[in-house]
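Shown next, in structure tokens, is the structure this report addresses.
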Amino acid sequence: MCETEKLNNIATAIKSYPDFPKQGIQFWDIFSLLNIPSATSDLMSILQSRVKSECPKVDVFVGLESRGFLFGVLLASAFGKPFVPIRKKGKLPGSTKQVAFKLEYGEDIFEIQADSITPGQCVVIVDDLLATGGTLKAANDLVTSVGGNVGLNLICIELKELGGRSKVSSPAVSVLQL
């Protein structure tokens, strides 16, 4: 199957919900894709291809809570590399670094374990959605705060009109742009 066919399969598998989690937000649900094995397989194939072409010397995969975990851990396993979670405040044991950030519908705090990335390691950050860029910028800030170098931000769905990509200076690629 060619990449265009895979992208069409992925796009048709993703549902959207208006006014969720609050009025005025259009929620794009990556979980609906997980109900269709062929779409999940197609997404993983394209994500792996993007890593191979854009950041072949990756050392560590980082996934953002919570949907970034789904794809980040699978990519880490496929490449034989470690997986590191970035979680909301208070969810990780041990010494952590944290950063506050704004969402399109509120504020939050992300944390990473302070010793989870060896200084100088090349990191691929994985998330399901790029909207206004607050979570992606926070993840980039956390990775660099523990000494990692962000080689790639890998996004499943990018809401291009919201301009979130402009918040990060490291390379970013998305599978679908809506």
Side-chain angles (χ1 to χ4, degrees), residues 14-17 19-35 40 43-44 47 51 55 58-79 81-159 162-172 174:
I14 296 172
K15 294 181 183 177
S16 66
Y17 297 89
D19 301 319
F20 184 82
K22 71 180 219 179
Q23 189 72 26
I25 302 291
Q26 182 75 21
F27 184 82
W28 294 92
D29 184 19
I30 198 81
F31 284 136
S32 60
L33 173 134
L34 299 175
N35 285 324
T40 303
L43 177 60
M44 291 309 302
L47 290 171
V51 172
C55 192
V58 60
D59 296 310
V60 178
F61 286 88
V62 166
L64 306 189
E65 186 166 328
S66 65
R67 290 173 297 275
F69 295 171
L70 298 172
F71 306 107
V73 75
L74 291 173
L75 287 166
S77 178
F79 283 86
K81 302 294 181 181
F83 174 78
V84 173
I86 288 181
R87 300 214 54 197
K88 292 182 179 176
K89 183 179 178 181
K91 303 285 185 178
L92 291 171
S95 176
T96 62
K97 299 253 182 165
Q98 65 179 233
V99 65
F101 63 97
K102 292 187 182 207
L103 297 158
E104 54 272 20
Y105 49 85
E107 294 183 9
D108 216 334
I109 296 174
F110 266 166
E111 292 183 329
I112 191 170
Q113 290 172 312
D115 62 353
S116 61
I117 294 172
T118 302
Q121 284 187 308
C122 181
V123 176
V124 171
I125 297 174
V126 183
D127 203 9
D128 71 315
L129 182 76
L130 173 57
T132 59
T135 56
L136 193 60
K137 181 180 183 326
N140 275 254
D141 292 347
L142 281 173
V143 166
T144 57
S145 78
V146 296
N149 299 317
V150 179
L152 182 64
N153 294 284
L154 186 59
I155 310 301
C156 297
I157 305 167
E158 179 179 0
L159 304 180
L162 297 179
R165 189 182 291 236
S166 67
K167 298 243 174 88
V168 296
S169 58
S170 54
S174 53

Minimum heavy-atom distance between Gly120 and Asn149, given as atom pair plus value: O-ND2, 3.3 Å
Short side-chain to backbone donor-acceptor contact, Asp29 and Ser16, under 3.5 Å: no
4.5 Å side-chain heavy-atom contact, Leu136 and Ile125: yes
Phe71/Leu154 under side chain to side chain contact (heavy atoms under 4.5 Å, CB included): CA gap, chis, key distance, verdict: CA-CA 10 Å; Phe71 306 107; Leu154 186 59; over 6 Å; no
Exam field: side chain Lys89 to backbone Asp108, donor-acceptor pair closer than 3.5 Å: no
Contact check, side chains of Val143 and Ile117, non-hydrogen atoms, under 4.5 Å: yes
Audit row: Leu129, Ile30, side chain to side chain contact (heavy atoms under 4.5 Å, CB included) steps and yes/no: CA-CA 9 Å; Leu129 182 76; Ile30 198 81; over 6 Å; no
Thr144 side chain to Asn140 backbone, donor-acceptor under 3.5 Å: yes
Closest contact, heavy atoms only, Ile157 versus Ile155: O-CG2, 3.1 Å
Value rounded to 0.5 Å, distance of OH in Tyr17 from CD in Gln26: 11.0 Å
Closest non-hydrogen atom pair, Val123 against Val62: CG1-CG2, 3.5 Å
Plane angle bin for Phe61 and Phe79 - parallel if under 30°, tilted between 30 and 60°, otherwise perpendicular: tilted
Carboxylate-amine/guanidinium contact Glu158 Arg165, below 4.0 Å: yes
Ser145 side chain to Leu142 backbone, donor-acceptor under 3.5 Å: yes
4.5 Å side-chain heavy-atom contact, Phe31 and Lys15: no
Least distance between heavy atoms, Cys55 atom then Cys122 atom: SG-SG, 3.4 Å
CZ-CD1 distance between Phe69 and Ile86, expressed to the nearest 0.5 angstrom: 9.0 Å
Side chain proximity check, Gln113 to Pro93, heavy atoms < 4.5 angstrom: yes
Donor-acceptor pair, side chain of Glu65 and main chain of Lys88, under 3.5 angstrom: yes
OG on Ser116 to CG on Leu92, rounded to 0.5 Å: 8.5 Å
Distance (rounded to the nearest 0.5 Å) between Lys167 NZ and Asp141 CG: 11.5 Å
Glu111 side-chain N/O to Gly90 backbone N/O, donor-acceptor pair under 3.5 Å: yes
Heavy-atom closest contact (Gly24 atom, Asp19 atom, distance): N-OD1, 2.8 Å
Nearest heavy-atom neighbours spanning Pro82 and Ala76: O-CB, 3.7 Å
Any donor-acceptor N/O pair, Thr40 side chain to Leu33 backbone, under 3.5 Å: yes
Leu75 vs Val124 side-chain heavy atoms within contact, under 4.5 Å: no
CG on Leu47 to CE on Met44, rounded to 0.5 Å: 5.5 Å
Atom pair OG1/CD1 of Thr96 and Ile112 - distance to nearest 0.5 Å: 10.0 Å
Parallel, tilted or perpendicular: rings of Phe110 and Phe101 (30°, 60°): tilted
Side-chain donor-acceptor contact under 3.5 Å, Ser170 with Asn153: yes
